[in-house]
Asks: 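Below are the structure tokens for one structure; questions will follow.
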Amino acid sequence: MSLLSPIAALGRVTLSGLAQVGRITLYAAATLAHLVRPPFYPREFLSALLNVGWLSLPVVGLTALFTGGALALQIYAGGQRFSAEAVVPQIVAIGMVRELGPVLVGLMIAARVTSSIAAEIATMKVTEQIDALVTLSTHPMKYLTVPRVLAGFLTVPLLVGVGDIIGILGGFTVATGQLGFNKASYIQNTVDFLELPDVVSSLIKGAFFGFIATLVGCYHGMNSGRGAMGVGQATKNAVAMASILILAANFLLTSVLFGS
Amino acid sequence: MITLSGVHKGFGANKVLQGVDLTIAKGTSMVIIGGSGTGKSVTLKCILGLVTPDQGTITLDGQDVARAEREAFLARFGMLFQGGALFDSLKVWENVAFRLLRGALKRPKAEAREIAIEKLRRVGLKPEVGDLYPSELSGGMQKRVGLARAIAASPEIIFFDEPTTGLDPIMAGVINELIREIVVEMGATAMTITHDMSSVRAIADNVAMLHGGVIRWTGPVADMDATDDPYVQQFIHGRAVGPIESVR
Ligand SMILES: Nc1ncnc2c1ncn2[C@@H]1O[C@H](COP(=O)(O)OP(=O)(O)OP(=O)(O)O)[C@@H](O)[C@H]1O
Ligand SMILES: [Mg+2]
């Protein structure tokens, strides 16, 4: 019995994880159903666009800039081992656009946006504001969840696009300033090398990650426990779950988009 | 008319309501009294469908509320929450005018604002307060904003969860009068929870006392003092000694 208990514990965790994923899938379906049925709340949507998109730009930009720069240094150093240091522009471009851009932006959005959505909605829940919404004939799903999820779905791809460009710029700055690359040919190499599917896949990933990050934030906020501790738990769980789901989705999307 | 029959609600092992039977006639004012934690707020939430009873039925004008069309059902209600429950991302006047700015009762912004300012005046708040955010108000002011929001769309049925807690005696008097006015002049049905016996006398047509998960006593407010129910007597006189255990 006691020998089996770690296995039983593992089973429990797996089951509860699966149940969690099931519940969030149902929540996603309900969100989509509300998305297409009026009433709509344009003001909430605009403020979500501002919060999710515009105000995330500095964080996304800085993350991408430093990562692009570091990437250039690493590839140069690694490439030197077999005299292939000239590939820096190409590898920085493909690394940023296909992988690091979307993943880093997704994770930064999970840290910045998922946490704030979860904490805000959980606080509304524990202070009875969600109940108050209902008594004022306003569906919390339509008023709180739909605007945020839609804003995430639409703006995170744009953020990823910006992140890709700034990341490449970071690589460019380091490569031309420090590693002696020629500016014009660096740009030429990058543009020649990138293909449309690289860019499109980047944006598709962004849309999925934006959807996941905002949806998970809303879900945990709405299902928050009571009191300040409930809010803390909801926020923590939301960020952890969003990060894991984003990385898992990244793997799945990469296999689907580039697997064959 | 609202009727509750055999309503049960528990949270895990905590059996809060254990068969509540209560009738509130249209256009009357019912006040619910009872010790802290006996389930008064839960009772109101059950009627509104914010909490689903485990057992029993609740009807509004003969129709089961669980089967009512939610939108139309909720449009008839106004509710003041015990904690105010103001939306802290919206200005005070936008809170009050919430219903008037969206949905079925939507009207032009200027008009909604005017109504909101008028309702704020009725709860003793100046028009300037309308442009503040809820977090900039004192507890008692937040309570009154919550009250203004509950009555903003002139609903038929209004629930007040402790409308006068946290208010000074004069302001409490103003609010008691306001609730009475809403019932008498506008013909609304009101259900009020309060711990303040002077409020009870000012507001109530009928009183119900919730204790031990059931309605222990109910009747017209005039009969309240004369009842020989020891629970009611202990409660209205605030005695520490009696059938209601004060130290648990
Ligand atoms: N959502 C909930 N989850 C778990 N328990 C709850 C919930 N809501 C209320 N309770 C419990 O139900 C009981 C009654 O709560 P309620 O808020 O109705 O009390 P009350 O009569 O309004 O008290 P007070 O006069 O102090 O406001 C309490 O023991 C409370 O802990
Ligand atoms: Mg209460």
Side-chain angles (χ1 to χ4, degrees), chain A residues 30 33-34 37-52 55 113 115-148 151 214 217-218 221-231, chain B residues 11-12 41-42 44-52 68-91 94-106 109 134-135 139 142 145-147 149-153 155 157-162:
Chain A
H34 282 291
R37 287 203 313 267
F40 306 112
Y41 297 103
R43 215 184 104 168
E44 314 313 314
F45 177 60
L46 286 179
S47 100
L49 280 182
L50 191 73
N51 275 316
V52 177
L55 296 177
V113 174
S115 61
S116 89
I117 290 178
E120 184 185 0
I121 295 183
T123 305
M124 290 184 75
K125 168 124 195 226
V126 303
T127 55
E128 297 182 315
Q129 291 179 51
I130 305 278
D131 283 345
L133 266 186
V134 173
T135 62
L136 293 165
S137 309
T138 304
H139 203 298
M141 201 93 177
K142 282 191 169 57
Y143 185 76
L144 297 172
T145 307
V146 165
R148 286 166 172 78
T214 45
C218 292
M222 289 286 189
N223 291 293
S224 153
R226 292 155 73 78
M229 225 162 79
V231 176
Chain B
F11 298 96
S41 299
V42 169
L44 293 192
K45 288 183 186 173
C46 281
I47 300 175
L48 286 168
L50 297 173
V51 165
T52 317
E69 206 273 304
R70 288 296 281 165
E71 192 87 4
F73 172 77
L74 287 167
R76 301 174 65 181
F77 284 88
M79 163 100 184
L80 162 66
F81 285 83
Q82 189 168 355
L86 301 178
F87 305 123
D88 34 34
S89 59
L90 300 179
K91 286 187 182 150
E94 293 170 320
N95 263 283
V96 176
F98 194 89
R99 244 185 210 289
L100 311 173
L101 290 170
R102 39 182 82 65
L105 296 173
K106 186 171 170 145
K109 202 167 165 179
S135 58
Q142 290 184 12
V145 174
L147 202 137
R149 185 175 69 184
I151 62 173
I157 307 157
I158 319 182
F159 292 170
F160 302 100
D161 198 339
E162 306 196 6

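Side chains included, hydrogens not; waters and symmetry mates left out as well; all remaining heavy atoms used. In the text below, chain A, chain B and the rest are named by the order of the sequence lines, each starting its count at 1. The model shown is predicted, which means the values in this text are computed figures rather than measured ones.
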Asks: Which atoms of Ile130(A) come close to chain B, meaning under 4.5 Å heavy atom to heavy atom: side chain ones, backbone ones, both, or neither?
Replies: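 It is neither, since no heavy atom gets under 4.5 Å.
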
Asks: Take Ile121(A) and Cys218(A) through the side chain to side chain contact (heavy atoms under 4.5 Å, CB included) test and state the conclusion after the steps.
Replies: CA-CA 7 Å; Ile121(A) 295 183; Cys218(A) 292; 3.9 Å; yes

Asks: Could you pull out all donor-acceptor pairs under 3.5 Å where a side-chain atom in residues 74-90 of chain B meets a protein atom, sequence neighbours excluded?
Replies:
from, atom 1, to, atom 2, distance (Å)
Arg76(B), NE, Glu156(B), OE1, 3.3
Arg76(B), NE, Glu156(B), OE2, 3.0
Arg76(B), NH2, Asp61(B), OD2, 2.7
Arg76(B), NH2, Glu156(B), OE1, 3.0
Gln82(B), OE1, Ser41(B), OG, 3.0
Gln82(B), NE2, Glu162(B), OE2, 3.4
Asp88(B), OD2, Gln129(A), NE2, 3.3

Asks: Mind checking the CZ-CD1 spacing from Phe73(B) to Ile157(B)? Nearest 0.5 Å is all I need.
Replies: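 Those atoms lie 7.0 Å apart.
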
Asks: How many angstroms lie between atom CD of Gln142(B) and atom CZ of Arg149(B), to the nearest 0.5 angstrom?
Replies: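 If I round to the nearest 0.5 Å, the distance is 11.0 Å.
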
Asks: Got a second to check how far Leu101(B)'s CG is from Lys106(B)'s NZ, nearest 0.5 Å?
Replies: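 Answer for the CG-NZ pair, Leu101(B) versus Lys106(B), is 7.5 Å.
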
Asks: If you tally heavy-atom pairs under 4.5 Å against chain A, which of Leu105(B), Leu50(B), Leu48(B) wins?
Replies: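 Option with the greatest count: Leu50(B).
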
Asks: Sort by residue number and list every member of residues 135-146 of chain A having a non-hydrogen atom under 4.5 Å from chain B.
Replies: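 Within residues 135-146 of chain A, the residues under 4.5 Å from chain B are Thr135(A), Leu136(A), Ser137(A), Thr138(A), Tyr143(A).
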
Asks: Please test Asp161(B) against Phe159(B) for side chain to side chain contact (heavy atoms under 4.5 Å, CB included), starting from the C-alpha separation and ending with a verdict.
Replies: CA-CA 6 Å; Asp161(B) 198 339; Phe159(B) 292 170; over 6 Å; no

Asks: Might you point out which heavy atoms bring Phe40(A) and Pro38(A) nearest each other, and give the distance in Å?
Replies: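 Minimum heavy-atom separation between Phe40(A) and Pro38(A): CZ-N, 3.6 Å.
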
Asks: Mind checking side chain to side chain donor-acceptor pair (under 3.5 Å) for Lys125(A) and listing every partner two or more places apart, or none if nothing turns up?
Replies: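 Lys125(A): no side chain to side chain donor-acceptor pair (under 3.5 Å) contacts found.
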
Asks: Are there residues of residues 42-51 of chain A whose heavy atoms fall under 4.5 Å of chain B's heavy atoms? If so, which?
Replies: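 So the qualifying residues are Arg43(A), Glu44(A).
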
